[in-house]
Amino acid sequence: MPHSNLQQEIRKKQPFDSLEQEAILNILRTSDIFHNQFGRLFREFGVTPSQYNVLRILRGEGKPMPSLEIADRMVQVVPAITGLIDRLQAQDFVKRKRCTEDRRVVFIEITAKALALLNQMDEPELNLHQKLIGHLSAEELSDLSRLLEKARTSLTTDN
């Protein structure tokens with residue numbers, strides 16, 4: 001069997017143990033490369049990928065949200081949403097508001113400063129998406145999304 005591209009990239013001498021192993025390692029390597037590219041972009045604007053994700057969720061919702069709901073919508077799971085919100089509040093990107101009906105619930109509201117930052121980031125972020133996978137056709141992009149979503153179903157059906 002000929003060497004795969006990944007096998008050559010990581011200079012693996014032996015073939016992969018299975019097609020599943022090769023596919024997952026391809027996903028992990030691609031994810032790492034993409035994560036590093038986005039991390040670099042976000043650093044230019046003084047935010048982390050998780051902070052950016054919180055701000056995008058809040059902007060998309062268009063109204064204050066409970067912090068636990070924000071945590072549930074995150075692309076990457078964050079163990080300490082409170083600390084993340086603390087750091088965003090220290091940068092004046094969000095405000096906290098206690099729910100008047102239930103004092104235990106805290107609503108998070110995006111600030112004008114954060115909205116301005118996101119507006120600055122929109123074009124560079126879209127350009128990075130284009131740079132990373134813009135060479136794929138619309139059909140390939142749809143197939144890729146469909147296959148990745150299908151791959152994740154093994155986790156949701158077994159639990």
Within the structure provided, determine whether Leu84 and Gln89 are in side-chain contact (heavy-atom separation under 4.5 Å). no

Are the side chain of Gln51 and the backbone of Thr48 linked by a donor-acceptor contact shorter than 3.5 Å? yes

Test Asp72 against Met65 for side chain to side chain contact (heavy atoms under 4.5 Å, CB included), laying out the working first. CA-CA 11 Å; Asp72 287 343; Met65 296 175 63; over 6 Å; no

Could you go through the side chain to side chain contact (heavy atoms under 4.5 Å, CB included) check for Leu118 and Tyr52 one step at a time? CA-CA 8 Å; Leu118 289 177; Tyr52 177 76; 3.6 Å; yes

Is it true that Leu58 and Phe107 fall in one hydrophobic cluster, defined by side-chain heavy atoms closer than 4.5 Å? no

Using a strict cut-off of less than 4.0 Å between a Lys/Arg side-chain nitrogen and an Asp/Glu carboxylate oxygen, indicate whether Glu125 and Arg56 qualify as a salt bridge. yes

Test of understanding: with salt bridge (charged side-chain N to carboxylate O under 4.0 Å, His left out), list the residues that count as partners of Lys131, not counting sequence neighbours. none

Students should find that the hydrophobic cluster of Val75, defined by side-chain heavy atoms under 4.5 Å apart, otherwise consists of none

Close side-chain approach of Met121 and Val47, heavy atoms under 4.5 Å: yes

Assess whether a salt bridge exists between Lys150 and Asp143, defined as any Lys/Arg side-chain N lying under 4.0 Å from an Asp/Glu carboxylate O. no

Can you tell if the side chain of Asp32 reaches within under 4.5 Å of the side chain of Leu28, non-hydrogen atoms only? no

Evaluate the side chain to side chain contact (heavy atoms under 4.5 Å, CB included) criterion for residues Leu136 and Ile133: first the C-alpha distance (whole Å), next the side-chain angles of each, then the deciding distance (0.1 Å), finally the verdict. CA-CA 6 Å; Leu136 300 178; Ile133 57 174; 4.1 Å; yes

Path from Leu126 to Leu141 over hydrophobic side-chain contacts below 4.5 Å: no

So do Ile27 and Leu148 actually touch side chain to side chain, heavy atoms under 4.5 Å? yes

Does any part of the side chain of Phe93, heavy atoms only, come nearer than 4.5 Å to the side chain of Lys113, both counted from C-beta? yes

Hydrophobic clustering (ILVMFWY, side-chain heavy atoms < 4.5 Å, transitive) - are Leu68 and Val54 grouped together? no

Single-linkage hydrophobic cluster, 4.5 Å side-chain cutoff, Phe34 and Phe42 together: yes

Determine the minimum heavy-atom distance between Pro49 and Gly39, stating which atoms define it. CG-CA, 4.3 Å

Cluster check Leu55, Phe45: I/L/V/M/F/W/Y, side chain < 4.5 angstrom: yes

Tell me whether Glu109 is salt-bridged to Arg96, with the criterion being a basic N under 4.0 Å from an acidic carboxylate O. no

Contact between Phe38 and Leu132 at the side-chain level, heavy atoms closer than 4.5 Å - yes or no? yes

Are the side chains of Lys95 and Thr111 in touch, meaning some heavy atoms are under 4.5 Å apart? yes

Kindly say whether Asp17 contributes a backbone atom to a donor-acceptor pair with the side chain of Gln21 at under 3.5 angstrom? yes

Closer than 4.0 angstrom, basic N to acidic O: yes or no for Arg40 and Glu44? no

Side chains of Ile108 and Val106 in contact at under 4.5 Å (non-hydrogen atoms): yes

